[in-house]
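Here's the structure, in structure tokens; my notes come after.
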Protein chains: 2
Amino acid sequence: MNTSMDELLKMLSHHGIQPSFQRLKILEALLERRDHPTVLCIYERVSKDVPTISKTTVYNTLSTFREKGIVTALTVSADEARYDIDTSPHHHLVCRECGAILDINICCEYAVKSEVEGHRVEEVHGYFKGVFKDCVTCEQAQ
Amino acid sequence: MNTSMDELLKMLSHHGIQPSFQRLKILEALLERRDHPTVLCIYERVSKDVPTISKTTVYNTLSTFREKGIVTALTVSADEARYDIDTSPHHHLVCRECGAILDINICCEYAVKSEVEGHRVEEVHGYFKGVFKDCVTCEQAQ
DNA sequence: ATGACTGCAAAATATTTGCATATTC
DNA sequence: GAATATGCAAATATTTTGCAGTCAT
């Protein structure tokens, strides 16, 4: 999928993100690689076009992108973050053998532990993030 | 909850885990602290009874425990692993303010993004682990 | 005696931070 | 010109690894 610079600029401004050449290229890489790339993966992809880019900038940019809601960070692996340009609600299937991550559009019913869309499912992980109704820290902050 | 050494021994052997004083104490700590403790948390708890214990042993033991299925590792945070002695299928709610982790016994329906058992839910994360039906790496291994 | 467990120190890895420079509005 | 973004180097923190000593069967 080829997205024009114009469209990329619009996407950034639509999310209230100040543009820069690096940010455009990182966004472009995310749109091209929709297989939930790692920071290193994005860094290497963008390096081809912007040889001077630093990992720090990739980290900073992805952090900004996440805050502004243009990407989602996956927590499927303990050792490296993965990013998804598709922010619509969906889940993922991580292959134990090859490590690839597939989008899965089913609910995480507990009983599922067997087969999903033909794939063998061995583990079901799920968590929510929010604020406890009786969170003391939260009450202190108010 | 006080679990006798005898019961702890039985739990280990039931899961095919060779016993040791350190392993018994780590298992005991996991049974006492059911709030999904971190490695450091377990290390500090066990250190009170076994001052000579090393973090390496805690890491090794938790890794063994996980392989043998006596604990589950949570991936709710990118920077540190958390362990759960409750291996029954359930999900978790992480509080954005205080960082505590609560057990949640509901399904991860996508629409849920609002309120669960009175708590405010802002994010829904879920992933499965298994083997792709057409995984090349997997076929090679066979 | 053999094999497995322990624990210290060092290494590996991902991510963050400080700060000087460069870029954008 | 002020604010923000970039990128290098150093720092941080978690986890892993190598290896020698210890424990258990």
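Backbone-only contact: A/A81 has heavy atoms under 4.0 Å from sugar-phosphate atoms and none from a base.
A tilted orientation is assigned to the rings of A/H90 and A/H36, their planes being inclined by 30° to 60°.
Between B/Q22 and C/dG7 there is a side-chain N or O to OP1 or OP2 distance below 4.0 Å. Not one side-chain nitrogen or oxygen of B/T56 sits closer than 4.0 Å to the OP1 or OP2 atom of D/dT16. The side chain of A/S20 places an N or O atom within less than 4.0 Å of a non-bridging phosphate oxygen (OP1 or OP2) of D/dT6. For B/T57 and C/dG7, the shortest distance from a side-chain N or O to OP1 or OP2 is below 4.0 Å.
Considering only heavy atoms from C-beta on, B/L102 stays 4.5 Å or farther from B/C95 through its side chain. In this structure, the side chains of A/L8 and A/E28 come closer than 4.5 Å at one or more pairs of heavy atoms. Side chains of B/V76 and A/T75 form no contact here, defined as non-hydrogen atoms less than 4.5 Å apart.
Per the geometry, CZ belonging to B/R23 stands 14 Å off C1' belonging to D/dT22, to the nearest Å. Atom CG in A/L62 sits about 14 Å away from atom C1' in D/dT6, given to the nearest Å. One interatomic measurement links the two molecules: CZ of B/R66 to P of D/dT16, which rounds to 9 Å at whole-angstrom precision. Atom CG of B/L40 is separated from atom C1' of D/dT15 by 13 Å (rounded to the nearest Å). In this entry the distance linking CG of B/N60 with C1' of D/dG18 reads 12 Å, nearest Å. Whole-Å rounding puts the B/I53 CD1 to D/dG21 C1' distance at 17 Å. Atoms CG (A/D79) and P (D/dT16) sit 8 Å apart, rounded to a whole Å. Atoms CD1 (B/I17) and P (C/dT6) sit 12 Å apart, rounded to a whole Å.
Listed nucleotides: C/dG7, D/dT14, C/dT15. Nearest to the side chain of B/T52: C/dG7. For B/Y59, the listed nucleotide lying nearest its side chain is D/dT16; candidates were D/dT6, D/dT16, C/dT16.
Cluster membership for A/L93 and A/V116, using ILVMFWY side-chain heavy atoms within less than 4.5 angstrom, is shared.
Mapping B/K55 and A/K55 onto DNA chain D via the closest heavy atom, the residue that lands nearer the 5' end is A/K55.
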